[in-house]
Amino acid sequence: MIKVNFNAIEKKWQRKWAEGKVFEVKEDKKKKKKFYVLEMFPYPSGAGLHMGHALNYSIGDIFARFKIMQGFNVLHPMGFDSLGLPAENAAVKAGEHPKKYTEKAIKNYVKQMKNLGLSYDWSRMVSSHQPEYYKWDQWIFLKMFEKGLAYKKESPVNWCSKCNSVLANEQVHDGKCWRHEDTNVEVKHLVQWYLKITDYAEELADFKGLSEWPDLIKKLQKNWIGKSYGAEILFEINNEKWPIFTTRPDTLFGVTFMVVSAQHSKLFDLVIDDKKKDVEKFVKKLSSVSKEDIDKLDKEGVFTGSYAIHPLTKEKIPIYAGNFVLADYGSGMVMAVPAHDQRDFDFAKKYGIDIKEVISGGEIKKNAYTDKGKLINSGEFDGIESDEAKKKITKLLRKKKLGGEVINYRLRDWLVSRQRYWGAPIPIINCEKCGEVSVPEKDLPVELPDKVKFGKGNPLDSAEKWKKVKCPKCGGDAKRETDTLDTFVNSSWYFLRYCDSQNNKKIFDLKKVDYWAPVDFYIGGKEHACMHLIYSRFYTKFLRDLGLLKISEPAKKLFNQGMLHGEGGEKMSKSKGNIVLPETISKKYGIDTARLFLVSVASPDKDIDWSEKGINGSLKFVKKVFEYFNDVKIGKSSASSESKLNKTIKGVTEDIENLKYNLAIIKLRQLFENFKEEENNETLESFLKMLSIFCPHIAEELWEKLGNNGFISLSEWPKCNEKKINKKLEMAEQTVDKTVSDVMNILKIVSDKGGKFEKVYIYVMPFEKEYFDEILIGERVGKEVKIFSVQDKDKYDPEGIAKKSKPGKPGIFVE
RNA sequence: GCAGAGGUUCCCGAGCGGUCAAAGGGGCAGGACUCAAGAUCCUGUGGCUUAGUGCCUUCGUAGGUUCGAAUCCUAUCCUCUGCACCA
């Protein structure tokens, strides 16, 4: 077998693609339809790309190449999510400035990506840490500020002591920081910036524009947004009306106590002097436990000394401060119905509070009865079914101006301020006289100062000169906001910037975005379901409402690729030491082989464990292809080859469209296995074209060898000629296969019995004769083979077996 | 606890009502080639049986629907992955 220097071929074509600007695109309204393929841009870590990235980007690359060859004007860009806490932490740990650290990492990523042969339009690359990019983060923030969608408020927030910063709800996993799995998130009361994503909650909970998104993602988002229908009911407390939210207004007559969140900002308005000490003690105790432990705590509370007046019965209801009520959902206070809510039931049992049954149908001994039923003990509503009662009671409350129907969302406003350095500075100036003042648009971007002290607290606090500014409104002394924006702000709209990434006057040209957006095919992990994928939907809608976009959703089709685990089935991570680098594999096998292997193991949406075991199979195939094309005779193809070719074209095209790359590759292999010494040009070229999306470098090289001038990457995808698909031939081939295994079976039986045979005689129907090749079958069975037509008078047939021959089942005689 | 994905022949994985003892790859075994090894090619790879046949068992486990199930339904066990007190 010939030795092939794959690495040299790779370098050659990567250079040619770059020099020929093969993958750079422009808007082209007349000739071609656009197609936008995008893989989620990575955070450039110092560790570089691993095999999992390679898989992810290959999936997108294969599709992009496919679409290019199908004649689409394909936008396939790449960039870097280069701002954010992880980069800052890693840089500080490495003793480097985040900027230097990040830019080094990006350089490395680009190099690695180019080595993978990915078809990106590099001229459009964006990096979110560049002021030219985050200027527009700031610009959008100011637009939101203008519209009242960016605001400041004090509230209990998630605090990670390792990040030294607050976290969004979405960044808290299992009570721990998403970046520090060993660090419990604490609850702190701080003033923070929020984006009012809840203004879009209703539209976000509607998925009609996302028919081509996976159901799983939509379900996850739906749960996350958590739309619930219920009632707001006003309870009078100390002559003030306090609203509470409930989904069960039908249980209103069963309220025996109220619970206010221990984190509620107005908690102490409700605490009478006598109880102050108790409540303070309780709150203090809670603040010393981590968020995770709060989740595990029993329901606990303490009486505040205050009472609420029941809106309908006018009964006095004691108010407790409790650990199980969320301060930022609903109004932070609940009406407790112990008979029909398990949490309230547990609490009532613990503190000996009355349990009043108002829904019949269940037993209330060890547990609350939480199902629906007929009302009892509910005055005029007795005997009415729950659903009906909900409506009637709400109606009555509305009439009395004591409440009404409301929709509540689990989704909270997005906390975007971070007390860290490596983020886009929030473009606000704090003036003692004027309050929070926007940085004028002409002064954008507010660039990060280079010289800051890293250590404790927010590094930006140490940039004294940078902080000091004049108030744009009154001209007096003022200070810059030192908080920076959450990293997810950058990724919420980057896909739009690619459409016009070099624009330094506007966020993007409206016409260009109108041409390219939305993303037609978006590829990324499902772990982003409740973060990036919700935020970017929110941003898209906001920018639409600003008049910048005509679309309402960022991507038409979403595909979640499977995760590539390490050898033992564990997540690939530096700390586990199971990271496989593309370079390592590429050096050994060539990058085309690696790409081919990655997508042939399993369907791209499935999680797989990395293993080098099977890669030799891919390498063997690639080598065989290379060797075959190296000295192939171009001539005529058999009808069988042409039939197979067209069938393969059909199947492969469908498989790729459906992201079944693994199946497409099998079909290509089977086609290739069938190639004879001589094939016609069309067959050979079509095969190479289909292979090229998986193995672009080798395909280009062989394409050139066949005498072509242009790039195979830009050639036209083969079309299936249905007429050439010949079912008869296929049947005939099956007959041959069956005959071969029959012969093998006979030989086995005979030799088991101690017989020794050298010659095989096969008696076929006259019309089948052309499908049976003595030499080929001889090779397959490892014996000398003679084929006779049953009508052949001179045939050698001592036992008259030819008489038993049937169509599709030839007679066999061995001796 | 809730939600989702999944358990397939030695391994990885396809199949998702009949053409299924189940694609493809890996591994292994036998054969061809070779002085030999490697590479390559062919064949085989649940069991029994048989001159190419027939039968039995198998797709986590147990039932069910059906003329017919790896594929559909029900229960059950295990694995993974999200979300977790949202009133």
Side-chain angles (χ1 to χ4, degrees), chain A residues 1-2 172-175 214-217 219-220 222-224 226-228 230-231 244-248 251 259 261 292 294-299 322-326 328-337 340-344 346-347 370 408-412 526-527 529-530 562-563 565 569 571 597 600-603 605-609 611-618 620-621 623-624 627 660 662-663 665-667 669-670 734 738-753 755 757 762 776-783 799 801 804 809-814:
Chain A
M1 190 156 217
I2 50 158
V172 181
H173 298 312
D174 276 338
D215 289 336
L216 173 68
I217 298 290
K219 217 169 247 173
L220 287 170
K222 195 183 159 198
N223 291 342
W224 188 262
K227 188 175 183 175
S228 54
I244 63 96
F245 175 73
T246 179
T247 54
R248 294 295 300 271
T251 63
V259 187
S261 168
E292 190 199 14
I294 286 176
D295 292 345
K296 286 181 192 152
L297 284 180
D298 273 352
K299 316 261 168 304
N323 64 356
F324 66 97
V325 175
L326 302 169
D328 52 357
Y329 182 75
S331 57
M333 192 192 295
V334 299
M335 62 177 221
V337 185
H340 306 291
D341 182 284
Q342 192 57 40
R343 292 155 302 180
D344 300 346
D346 294 344
F347 193 88
T370 54
N408 223 318
Y409 294 94
R410 187 184 175 276
L411 184 74
R412 310 298 149 78
K526 45 186 165 289
E527 66 274 15
C530 296
M563 221 194 315
H565 298 292
K571 236 181 204 176
F597 175 62
S600 43
V601 180
S603 176
D605 59 334
K606 292 258 162 77
D607 290 350
I608 48 173
D609 298 346
S611 158
E612 237 180 279
K613 269 186 192 156
I615 197 167
N616 262 320
S618 299
K620 261 195 268 178
F621 173 65
K623 277 189 173 167
K624 267 194 280 181
E627 193 174 5
K660 298 280 183 193
N662 52 331
L663 302 182
I665 290 165
I666 290 173
K667 291 188 176 90
R669 289 179 79 134
Q670 285 169 341
Q734 276 176 27
K738 184 77 184 26
T739 306
V740 166
S741 69
D742 282 350
V743 171
M744 294 308 291
N745 197 205
I746 293 169
L747 289 173
K748 183 179 157 273
I749 293 162
V750 168
S751 70
D752 281 354
K753 285 185 175 166
F757 295 86
I762 299 174
L776 252 107
I777 294 174
E779 268 171 20
R780 287 175 68 177
V781 302
K783 295 276 182 275
E799 296 196 4
I801 287 191
K804 294 183 186 164
K809 194 167 169 60
I812 299 163
F813 175 65
V814 300

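In this text the structure is predicted, and so the values were computed from the model without any measurement. Worth knowing before you read on, the calculation uses all heavy atoms, side chains too, and leaves out hydrogens, waters and symmetry mates.
In this structure, Ile217(A) places its CD1 atom 13 Å from C1' of C83(B), rounding to the nearest Å. Across the protein-nucleic acid pair, Phe347(A) atom CZ and A87(B) atom P stand 19 Å apart, rounded to whole Å. Following rounding to the nearest Å, Lys667(A) (NZ) and G24(B) (P) show an atom-to-atom distance of 12 Å. Straight-line distance from the NZ atom of Lys613(A) to the P atom of G13(B): 11 Å, rounded to whole Å. Rounded to whole angstrom, the span from the CG atom of Asp607(A) across to the P atom of C12(B) amounts to 15 Å. If you take NZ of Lys620(A) and P of U40(B), they are 5 Å apart, rounded to a whole angstrom.
Not a single donor-acceptor pair under 3.5 Å links the side chain of Arg248(A) to the backbone N or O of His340(A). Asp607(A) places a side-chain N or O within 3.5 Å of a backbone atom of Met563(A) that can act as its donor or acceptor partner. Panel note: side chain Ser600(A), backbone Asn662(A); no donor-acceptor pair is recorded below 3.5 Å.
Nucleotide C28(B) forms a Watson-Crick or G-U wobble pair with G44(B), both donor-acceptor distances falling under 3.5 Å. Across all strands shown, U34(B) forms no Watson-Crick or G-U wobble pair with both distances under 3.5 Å. Across all strands shown, A69(B) forms no Watson-Crick or G-U wobble pair with both key distances under 3.5 Å. Pairing for C59(B) is absent, judged as Watson-Crick or G-U wobble with the two contacts each under 3.5 Å. The partner of U53(B) is absent, by the rule that a Watson-Crick or G-U pair needs both atom distances under 3.5 Å. Applying the Watson-Crick and G-U wobble criteria (two distances, each under 3.5 Å), U79(B) pairs with A5(B). Base pairing of C85(B): no nucleotide in any strand meets the Watson-Crick or G-U wobble criterion (both distances under 3.5 Å).
Using a 4.5 Å heavy-atom threshold, the side chains of Met335(A) and Thr251(A) count as touching. A 4.5 Å side-chain heavy-atom check between Asp344(A) and Asp346(A) finds every atom pair outside the cut-off. A 4.5 Å side-chain heavy-atom check between Lys526(A) and Leu216(A) finds at least one atom pair inside the cut-off. Residues Thr739(A) and Ile762(A) have side chains in contact (heavy-atom distance under 4.5 Å, counting atoms from C-beta outward). With contacts defined as side-chain heavy-atom distances shorter than 4.5 Å, the pair Arg343(A)/Val334(A) does not qualify.
Residue Ile746(A) places its side chain closer to A51(B) than to any other of A87(B), A51(B), G6(B). Among the nucleotides U53(B), A23(B), G26(B), the one closest to the side chain of Ile666(A) is A23(B). Side chain of Phe813(A), nearest nucleotide from C85(B), A51(B), G15(B): A51(B). Comparing C41(B), A87(B), G13(B) by their closest approach to the side chain of Ala602(A) singles out G13(B). Listed nucleotides A87(B), U40(B), G52(B) differ in distance to Asp742(A); the shortest reach to its side chain belongs to G52(B). For Trp224(A), the side-chain atoms get nearest to C83(B) when compared with the rest of U53(B), A3(B), C83(B). Listed nucleotides A51(B), C85(B), U53(B) differ in distance to Val814(A); the shortest reach to its side chain belongs to A51(B). Closest to the side chain of Ile801(A), from the set G52(B), U40(B), C85(B), is G52(B). Comparing A51(B), U43(B), C41(B) against the side chain of Met744(A) picks out U43(B) as the nearest. Listed nucleotides: C41(B), C42(B), G52(B). Nearest to the side chain of Arg780(A): C42(B).
For U40(B) and C55(B), the C1' atoms lie 39 Å apart once the distance is rounded to whole Å. Of the C1' atoms belonging to U81(B) and G30(B), the separation is 45 Å, rounded to the nearest Å. Rounded to a whole angstrom, the distance from the C1' atom of C20(B) to that of A14(B) is 12 Å. Taking the P atoms as reference points, C80(B) lies 23 Å from A62(B), given to the whole Å. Annotation: C10(B) and A5(B) have their P atoms spaced 28 Å apart (nearest Å). For the C1' atoms, the distance from G17(B) to A29(B) is 36 Å, rounded to whole Å. Annotation: G52(B) and U74(B) have their C1' atoms spaced 44 Å apart (nearest Å). Nucleotides U71(B) and G63(B) place their P atoms 14 Å apart, quoted to the nearest Å.
Within 4.0 Å of Ile812(A), counting heavy atoms only, lies at least one base atom of the nucleic acid. Contact annotation for Phe621(A): no contact, since no heavy-atom pair falls under 4.0 Å across all strands. Residue contacts for Ser228(A): at a heavy-atom cut-off of 4.0 Å it reaches the sugar-phosphate backbone alone, with no base atom in range. The residue Gly811(A) sits close to a base: some heavy atom pair falls under 4.0 Å. Heavy atoms of Gln670(A) sit under 4.0 angstrom from primed sugar atoms or phosphate atoms, though from no base atom. Within the nucleic acid shown, Ser741(A) comes within 4.0 Å of sugar-phosphate atoms alone, with no base atom in reach, counting heavy atoms only. Using a 4.0 Å heavy-atom cutoff across all strands shown, Thr247(A) reaches sugar-phosphate atoms only and no base atom. Note on Pro214(A): nothing from the nucleic acid sits closer than 4.0 angstrom, heavy atoms only. Counting non-hydrogen atoms under 4.0 angstrom, Leu216(A) reaches the backbone sugars and phosphates but no base. At the heavy-atom level, Ser603(A) lies under 4.0 Å from the strands shown only through sugar-phosphate atoms. Here Asp344(A) lies out of heavy-atom contact (under 4.0 Å) with every strand. Val743(A) comes within 4.0 angstrom of no nucleic acid atom, judged by non-hydrogen atoms across all strands. Note on Lys809(A): a base of the nucleic acid sits closer than 4.0 angstrom, heavy atoms only. Counting any heavy atom pair closer than 4.0 Å across all strands shown, Val259(A) reaches no nucleic acid atom.
Both Lys804(A) and Thr246(A) lie near RNA chain B, and the one whose nearest nucleotide falls closer to the 5' end is Lys804(A). Projected onto RNA chain B by closest heavy-atom contact, Lys753(A) and Val740(A) fall at different nucleotides, the more 5' of which corresponds to Val740(A).
Residue Lys526(A) places none of its side-chain N or O atoms closer than 4.0 Å to OP1 or OP2 of A5(B). Using a 4.0 Å cut-off, no side-chain N or O of Lys219(A) falls inside it from OP1 or OP2 of G82(B). Remark: Tyr409(A) is not in phosphate contact with C86(B), judged by side-chain N or O atoms under 4.0 Å from OP1 or OP2. For the pair Lys624(A) and C41(B), the criterion of a side-chain N or O lying under 4.0 Å from OP1 or OP2 is met.
With hydrogens and angles ignored, no donor-acceptor pair under 3.5 angstrom links the side chain of Arg410(A) to the base of C83(B).
Other residues, nucleotides and ligands contribute over 12 non-hydrogen atoms within 6.0 Å of the NZ atom of Lys227(A).
Ring planes of Phe245(A) and Tyr329(A): perpendicular class, angle over 60° (limits at 30 and 60°).
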